[in-house]
**Q** 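Here it is, the structure in full.
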There are 2 protein chains.
Amino acid sequence: MTASTSDRPALDLATIVSTAVRLADAEGLERLSMRRLAQELGVQAMSLYHHVPNKENLLDRMVDAVYAEVDKPAARGPWREAMARRARSAREVLNRHRWATPLMDSRREPGPSTLGHHEAVLDCLRVGGFSVALAAHAFSLLDAYIFGFVLQEQALPFESPDEARAVATAIGEQMGDAYPRMTEMLTQHVLKGDYDYALEFDYGLELILEGLEQRYNAALDGSPATITATSTTTTGGKR
Amino acid sequence: MTASTSDRPALDLATIVSTAVRLADAEGLERLSMRRLAQELGVQAMSLYHHVPNKENLLDRMVDAVYAEVDKPAARGPWREAMARRARSAREVLNRHRWATPLMDSRREPGPSTLGHHEAVLDCLRVGGFSVALAAHAFSLLDAYIFGFVLQEQALPFESPDEARAVATAIGEQMGDAYPRMTEMLTQHVLKGDYDYALEFDYGLELILEGLEQRYNAALDGSPATITATSTTTTGGKR
DNA sequence: ACCTGAACACCGTTCAAGT
DNA sequence: ACCTGAACACCGTTCAAGT
C-alpha cells in the first residue's frame, strides 16, 4: 500500500493534494492525518510542512481541487440549461468526494478553481440577461440548494432505492405510532417505490429554475430600465 | 470560570449537554473536548463516560437540543406562513449556535426533538392538503435550502452589511480584473448597499414557497383523485 | 532547498481501581 | 452507582539539526 522510499516521485504540492484527496475518498476525512498522508507518500510527516503551511491550507486546496471537477457553465447558450447542468455536475462530483460536501460552503480561502467557477456562473447569468441583483439572488439560491441537498442526501442511511425500502421497513416497525406522518411517508411513499433521490434533486432544482425564470421574465416585461442596463452586456459579452 | 469542586451540582446528562452547547457557542466546536468539558463541569474527563457512551453521542444530543429551540409549525393555520416562520426560526437558531449548522443535516441518530420537529412539519403540510408525495418534495426542498443557505451565510467573512462593504472594498482592490463579474457584483451590488443577507434568505424562501403553492394548486385543480385521497386528512386532522 | 527526529501540548477512550 | 488516575494510541505543529 505505502509507496516505497526508493522510488518516491519527488514530493511536490500537486501530488500531496491529489494523494490527500484520494486518501479522503477512500477512508474518509477523519482518517486523513498529516502523519497518515505522509506515510502514504513514503515520507515523514514534517516534510509536508515544507510545501503546505498547515492542515487547514491543505483542506482549502483539496476543496479547490474538487471545484475543478465541476462543469463550468458556458457563457453562451441558454442559462437555464447551463445552470441545471452545473447543478447536476456538482451533485455528482460531491457524491464522488463525500468528505468535501460539508467543507465546500464553509472555506474562507477560495482557490483559483473556486473563483473561476463562480465567475463562470455569474458570467453565464449576466450574459443571459440577468441584472446584477437577480444574478446575486440566483447564485445564492442555487448554491444553497445544491449543497444543502447533497448534505442531506449523504446523511441518509441508505444509498439506493432498494436499500431505502429495506431501511424504511425496519424504521417503520421500530417507530410504532409515535410519528404517524413519518410512518405514512415511509409506507405510502418510500415503500411504494415513488422515491428516488436523483428525481428528488431534479424536482427542487426545476422548481427553483422555474421561479427564477418567472422573475427574469417579469424584469424583462416590467422594467425596461433593467433591460437597457444589461443589454450592453448581453450583446457585448464574449469569451 | 470553572465550577469549583465543592458546589458542583450533581452531574447528570442534561447539564452535560447544556454545558457542552454553551461551551461550543462560546468557543467553537473545535475547542469542545471531553477533557475541556469535564473541566468546565468541575469533574474528571472520564466521569462523562458514565452518562454518555462517546463523543459522537454527545454531539447527537447537542444537535437535538438545538432542534428543540426551533419553532414547530402548528398543524392548523395556513401552511405557507407556518413554513416561512419555521424557516426563519431555524435560521435564527442556527446563527445562535453556529457550530451546529454543519452537523444538523448530517447526524445519523436523530433525537426526539428532531423527530418531533419533522413530524410537525409533515403534519402541517398534510393537514394543509399536501399529498404525501408533494409533502416529501416540500420537506426536502425547504430543508436543503435552509441549511444550505445558513452554511453559506456563516462562511462569509463578515457579519453585517457595513462589514460586507468594507470587505468588498478590500477584496475588489486585490482581485484586479481577473474576475470581472465578481468585481461587478461587489461594486454595483454589495457596495451600493443593496445587500442584506436576511433579505437574501427571504427572497429564496418566498421563491420556493411560491413554487410549492403553484404545484399545490395545480394538484387541486388537475387531479381530483389527489383531493379525495387527502381530504379525509384535511377534515380529520386534529391536535 | 528539502527532509528528519525528538519533543510539546494536546486528543478520545479503555481499564482497573477507588468510594 | 458514580467517579478517578494512569495509560494507550493517536493528533497538529515547533524546533533544531541534518544533507
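Letters go in sequence order (proteins before strands), and every chain restarts at 1. Quick caveat, the model's predicted, so the values are computed rather than measured.
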**Q** Would you confirm whether B/Y195, through its side chain, and A/A136, through its main-chain N or O, come within 3.5 Å as a donor-acceptor pair?
**A** no

**Q** Across the strands shown, which category fits B/M46 at heavy-atom distances under 4.0 angstrom: base, sugar-phosphate, nothing?
**A** base

**Q** Classify the nucleic acid contact of B/S33 as base, sugar-phosphate or nothing, counting any heavy atom under 4.0 Å across all strands shown.
**A** sugar-phosphate

**Q** Should the pair A/R165-A/D162 be classified as a salt bridge under the 4.0 Å nitrogen-to-oxygen rule?
**A** yes

**Q** Can you identify which nucleotide, out of D/dG5, C/dT4, D/dC3, has its nearest atom closest to the B/H50 side chain?
**A** D/dC3

**Q** Would you tell me if any nitrogen or oxygen in the side chain of A/H51 comes within less than 4.0 Å of OP1 or OP2 on C/dC3?
**A** yes

**Q** Using atom CG of A/D12 as one end and atom C1' of C/dC2 as the other, report the distance to the nearest whole Å.
**A** 13 Å

**Q** Under the 3.5 angstrom rule, does the side chain of B/T15 hit a backbone N or O of B/L11 as a donor-acceptor pair?
**A** no

**Q** What interatomic distance, in whole Å, is found between P of C/dA9 and the corresponding atom of D/dA9?
**A** 22 Å

**Q** Could you tell me the separation between the OH atom of B/Y49 and the P atom of C/dA17, rounded to a whole number of Å?
**A** 21 Å

**Q** Taking 4.0 angstrom as the limit, do A/K72 and A/E119 come out as a salt bridge?
**A** no

**Q** Sort out the partner of D/dA6 for me: Watson-Crick or G-U wobble, both distances under 3.5 Å, none otherwise.
**A** C/dT14

